[in-house]
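Since the structure comes first, as structure tokens, the remarks are kept for the end.
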Amino acid sequence: MYDRLRRDPHLAELAAALFRLDDIGSALGWSAADGPDGWTGALARLTTEGALDREETVDACVARLLRGGRAADQRLFLRLLGQLRLTREEERARTADWSALAADAVSPVAAHAQSVLAALALDGELPADRLAEVSAAVLFRPEKKLVRAQLVLLGKVLARDAGVADALLPALAQAFGHEDSDVQERALKLAGRHLARASAPQVRGNWPRPPPS
């Protein structure tokens, strides 16, 4: 696949069209394996070598994930995104995109976006207000794995920096309404550990209560 694409005089146009076609993931599923013999591996290699413009390819891939679609499509473009191996600078420049994907994308894509944002947050490269916004959205999702991962992240950030309590604790309260009682309990315990760090009266005095068990 790589050799065929590399020799194609219309490579750029072909690659651009792949990101625009509906349900292309299903059509290419038979050739979506890792490595240069699959579509994603070939496109990633051609991008790395400069035959395809890297910024355009990354932007098109992220845009396709934001667009949503069928599971096969999402898997194909998520695989390509992983094989492109974004740098930290490239990830940081697309913070708004990861936030949107963590909130609304299908679970595998949301999990990837969540992991990118978590790495940024733990390195101090994600503002507390952005983390709060993302957390409120993720904690509203029904997938317990995503919600628990977000609670773990919030716990780490809160433990490291007392100054973010005012921003993060209101977002944490979103988990009190989750359908899973274990999630509610985890959120309550986390809040109990860090509520004393809040300085804003509206956070300390008007802390929402979890639903009755």
Side-chain angles (χ1 to χ4, degrees), residues 15 18-19 25 32 34 38-41 43-48 52-161 163-164 167-168 170-172 174-175 178 183 186-187 190:
L18 288 174
F19 292 104
D34 293 338
W39 276 95
T40 57
L43 290 172
R45 182 175 174 184
L46 290 164
T47 301
T48 300
L52 291 172
D53 182 271
R54 181 172 179 83
E55 184 173 3
E56 289 181 2
T57 303
V58 173
D59 283 345
C61 190
V62 173
R64 185 57 184 259
L65 292 173
L66 286 167
R67 178 173 140 190
R70 305 179 77 172
D73 266 356
Q74 299 290 280
R75 285 194 298 268
L76 181 77
F77 292 104
L78 182 60
R79 183 183 295 115
L80 174 57
L81 186 67
Q83 292 177 335
L84 287 170
R85 300 184 183 278
L86 271 61
T87 66
R88 176 53 62 87
E89 182 179 355
E90 289 174 325
E91 291 177 336
R92 187 170 54 248
R94 295 167 175 82
T95 299
D97 295 328
W98 309 129
S99 300
L101 290 171
D104 296 319
V106 296
S107 291
V109 177
H112 174 78
Q114 183 185 47
S115 69
V116 173
L117 291 170
L120 292 171
L122 293 174
D123 285 345
E125 298 184 89
L126 188 69
D129 57 348
R130 172 70 75 173
L131 177 56
E133 178 184 348
V134 173
S135 296
V138 173
L139 294 176
F140 188 73
R141 295 185 65 122
E143 302 97 329
K144 290 184 286 188
K145 185 175 181 179
L146 290 176
V147 172
R148 289 170 181 170
Q150 197 68 23
L151 290 175
V152 170
L153 173 61
L154 287 173
K156 290 179 179 180
V157 175
L158 284 164
R160 185 185 62 189
D161 184 0
V164 300
L168 298 186
L172 175 60
Q174 182 68 53
H178 199 275
V183 167
R186 289 174 186 235
L190 182 57

Output for pair (Leu153 CG, Leu131 CG), nearest 0.5 Å, gives 5.5 Å

- Message: Check this for me: does any side-chain nitrogen of one of Arg88 and Glu91 sit under 4.0 Å from a carboxylate oxygen of the other?
- Response: yes

Rounded to the nearest 0.5 angstrom, the CG-CG distance for Leu158 and Leu151 is 10.5 Å

Here the pair of heavy atoms bringing Ala102 nearest to Gln114 is CB-N, 4.3 Å

Residue pair Arg94, Val58: steps toward the side-chain contact (heavy atoms from CB on, under 4.5 Å) verdict: CA-CA 10 Å; Arg94 295 167 175 82; Val58 173; 3.4 Å; yes

Taking every heavy atom of Val134 against every heavy atom of Ser99, the minimum-distance pair comes out as CG2-OG, 3.3 Å

To the nearest 0.5 Å, atom NZ of Lys156 lies from atom CG of Leu154 at 11.5 Å

Interatomic distance, OG1@Thr47 vs CG@Leu80, rounded to 0.5 Å, equals 7.0 Å

* Is Arg141 reaching over with its side chain to a backbone N or O of Ala103, donor-acceptor style, under 3.5 angstrom? -> yes

Here the pair of heavy atoms bringing Ser107 nearest to Glu143 is OG-OE2, 2.7 Å

Please check this pair: side chain of Arg186 against backbone of Ala175, looking for a donor-acceptor N/O pair closer than 3.5 Å.
no

(request) Any chance you could lay out the side-chain contact (heavy atoms from CB on, under 4.5 Å) test for Thr57 and Leu43, step after step, and finish with the verdict? (result) CA-CA 9 Å; Thr57 303; Leu43 290 172; 5.8 Å; no

Output for pair (Thr40 OG1, Gln83 CD), nearest 0.5 Å, gives 3.5 Å

Heavy-atom nearest pair, Ala110 first then Leu146, reads CB-CD1, 4.0 Å

What one should report as the nearest heavy-atom pair of His178 and Leu139 is CD2-O, 3.7 Å

Expected output: side-chain Asp161 to main-chain Gly163 donor-acceptor under 3.5 Å:
yes

